[in-house]
4 protein chains.
Amino acid sequence: MGAKKKDILIQFNRDIILASARKLFQLSGINRTSMDEIAREADCSKSTIYVYFKNKDEIINYIVYEHMVLLRDALQECTPDNKDFERSYYAICNTLVDFQEQYPLYFESLLSEIDVEQEKIQQPGLLADIYKAGEQINDIIGELLKSGIEHNCLRENLELIPTVFYLWSSISGIILLTNQKQKYLKMRVGMDKTMFLNYSFKTLLQSIIK
Amino acid sequence: MGAKKKDILIQFNRDIILASARKLFQLSGINRTSMDEIAREADCSKSTIYVYFKNKDEIINYIVYEHMVLLRDALQECTPDNKDFERSYYAICNTLVDFQEQYPLYFESLLSEIDVEQEKIQQPGLLADIYKAGEQINDIIGELLKSGIEHNCLRENLELIPTVFYLWSSISGIILLTNQKQKYLKMRVGMDKTMFLNYSFKTLLQSIIK
Amino acid sequence: MGAKKKDILIQFNRDIILASARKLFQLSGINRTSMDEIAREADCSKSTIYVYFKNKDEIINYIVYEHMVLLRDALQECTPDNKDFERSYYAICNTLVDFQEQYPLYFESLLSEIDVEQEKIQQPGLLADIYKAGEQINDIIGELLKSGIEHNCLRENLELIPTVFYLWSSISGIILLTNQKQKYLKMRVGMDKTMFLNYSFKTLLQSIIK
Amino acid sequence: MGAKKKDILIQFNRDIILASARKLFQLSGINRTSMDEIAREADCSKSTIYVYFKNKDEIINYIVYEHMVLLRDALQECTPDNKDFERSYYAICNTLVDFQEQYPLYFESLLSEIDVEQEKIQQPGLLADIYKAGEQINDIIGELLKSGIEHNCLRENLELIPTVFYLWSSISGIILLTNQKQKYLKMRVGMDKTMFLNYSFKTLLQSIIK
DNA sequence: TATGAATGAGCATTCATTCAT
DNA sequence: AATGAATGAATGCTCATTCAT
């Protein structure tokens, strides 16, 4: 069997395990998914999983990484030219909303990710990759803001990097809470999710544009 | 023994258990605190706990409720007269920051609380109380906004209730992220926590005031 | 139920677990005995064991301790008056031989016991008790030697404490090896175990008596 | 490829595996060294190890055998002429002490080796070889004693073969215990390892010389 | 009311060995 | 001869909850 074919097979099995984990994580949460369950779902023995992955964390990190890449790529497409600031801004917001809807687990992981120790980020590996993807996401927003400043459509006293974090955290907070209080909002405010999100994103935008 | 006396005794025992749980939750986190540990701390048997509380969740909910009340009362004091809008706004922000610092556990629970089923909120009980406290917190912010509108210092196209949620979620998001990325912010942005928070709250304020 | 009766019941259950462990340890060795097996043998659930013992080590230590006490008490009876040095010496040797035959596992544990950290010995507990029992065994041999010196039947240049360890280690070594090479001895030397042991103990004695 | 060439290659591969195992055993103990680790160290696949060795035990036995040979050869050099009995005796003691220090793992295996079933020793194989090396070690001590008797420096009532075992077991016991109770001896007896060993070997010698 | 006792279900990880290719 | 892949069987320990008394 050619080396290539073999690699494909390996990847195939890894993928089955990852797919099983992904499915179960989505279904019942990461912590409540046991290695036993992943093995059952992947139709292999528990020890086989340990042939392909060092431990549960490696699986988790891998899947978290996948989703960060997914998000990063989706965000990348929001700012094709950075010419129309507002359009790009709303695209980013909506991409995040979509991401949250599709992958609520990983949306939360974006927010709750603990400050990883510097050393672990330095050495190459999954953790470093996750960190890099996070940086790239920041850069996307950073680039957008930079061009916004260049095109003179943003307030003058804005500081670039802090504003990246300000936007990121506000938007995330809005999406997080909207999702949790969805029913409540409908009942109390009479607004559906989308309406409220649009209202909030529009209002938030006021804080940075002229 | 009179019924009243009995009630007092019951409350007394509940309080001891709650105090023990509170202490241990703060110390080592909710999940890592076992019923065994609570019992040991409360100097009673594990089963005694089950006499006073249905299960661990009831204890958790109770303590979550307590902290919501704490927060609610602290927020109440931020808006003594609602005359100075900005002053009240910053007071609220800072109160939330302080709360997060003192009770990080319960700050997160504010955000991650899952949309409880309507039925459970309807029938009186802890869940309903928690819900009510949440409402009251919303009302505080609502009152502030209302007076802001009356004093004519807010944008005209603001809608009251949605703005309450918008503010609440943005502020929470900002605090959440700041706390998690503290080291990172220091390193990357060169700003310490307080500076970044002030910058963000100030910027956020721009989105609603004239 | 009286406190006494309760204590008896507790002790009863502890004893069942200990008896099961003792039996299985003897049968298949300490390491190869799992907590699952002990539970099965004791006819209780694995978690019940953890109600009565902190962990496997506590069980092991307890049983090791029991056997050290057994040995200590048996040795104590070997030197009723310390008048007849030789008689006491041989009694000690034979007691050790018997102990090895009955409890080979714990005989080895006597020899392989790792130098425990001082701290653990200082604070009261099983480990301290084991240590103390070891000391008492040393003392028994020490007392015997002392009286031997007083009765003027030992070489003059003997140093008390080092000789205690010298004797202890030589006798143990002899018993250990005899047991392992039993068949071999029979075949090669044409001596049975007892004969060889007697020969060795007699020879060893020559090294300390006048 | 000639049969001889093939054999050399096979031996070459076996040696690599053995060297890896030897290194890792020394480093972290036999039990804590996994076949995976040996394979990694030997830069071959785990299954390849099973081509060259039946199982882990065969590897262990082989390495145990190697060390017995090492010891045997070192002991051989202790009795170049058997003229000076005492000198040879001390040389043997010190060789054993050195061996224990360098290869504690295999020193213990000398003592704990279970009485292997006769059948396994009869048929040629590793176990027979180990057995033979043991015999040769006995013979070295035996020869020394014989010449001691011939030179008339030993007690007259000594029996040759039993004395071989007597010495071997006593010396081993002394070294074993000294090593385990090193700290304790220092503290309690105020003697360091070397002093105590010398004292013990000297005392033991008294039991066989005139 | 209070509690001692008991437990089922879970959990991540290890490892020597086998077997088809 | 060489090996990649797969795995069964363990293993020590945790914990919320129940129930008879």
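Any value given below was found using the heavy atoms of this structure, including those in side chains, with hydrogens, waters and symmetry copies removed. Chain naming here is simple, since letters A, B, ... match the order of the sequence lines and numbering starts at 1 in each.
Evaluation of the ring pair (Phe, Tyr, Trp, His ring centres under 6.0 Å) rule for Phe107(A) yields no partner, not counting sequence neighbours. For Asp36(D), the salt bridge (charged side-chain N to carboxylate O under 4.0 Å, His left out) partners at least two apart in sequence or on another chain are Lys46(D). Every side chain to side chain contact (heavy atoms under 4.5 Å, CB included) that Gln26(B) has, sequence neighbours left out, goes to Tyr103(B), Tyr106(B). Every residue meeting the side chain to side chain contact (heavy atoms under 4.5 Å, CB included) condition with Ser45(A), not counting sequence neighbours, appears here in chain and number order: Ser47(A), Thr48(A).
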Dot-bracket for DNA chain F: what is it, with Watson-Crick or G-U pairs under 3.5 Å, [ ] where a pair crosses earlier ones, and | for a pair to another strand? .||||||||||||||||||||
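Taking a 4.0 Å limit (strictly below) on heavy-atom distances, residues 52-62 of chain D reaches DNA chain F at Tyr52(D). For the segment residues 39-49 of chain A, residues with any heavy atom less than 4.0 angstrom from an atom of DNA chain F are, sorted by number, Cys44(A), Ser45(A), Lys46(A), Ser47(A), Thr48(A). Across residues 24-35 of chain C, Thr33(C), Ser34(C), Met35(C) each have a non-hydrogen atom less than 4.0 Å from an atom of DNA chain F (numbered order).
In terms of position along DNA chain E, the nucleotide closest to Tyr50(B) lies nearer the 5' end than the nucleotide closest to the other residue of the pair Tyr50(B) and Glu37(A).
Listed by first then second residue, pairs satisfying side-chain hydrogen bond (donor to acceptor under 3.5 Å, both in side chains) with a partner in residues 14-24 of chain B read Gln11(B)-Asp15(B), Arg22(B)-Glu66(B), Lys23(B)-Glu41(B), not counting sequence neighbours. Applying the ring pair (Phe, Tyr, Trp, His ring centres under 6.0 Å) rule to pairs touching residues 16-66 of chain B yields nothing, sequence neighbours excluded.
Using a 4.0 Å cut-off, no side-chain N or O of Asn13(C) falls inside it from OP1 or OP2 of dG4(E).
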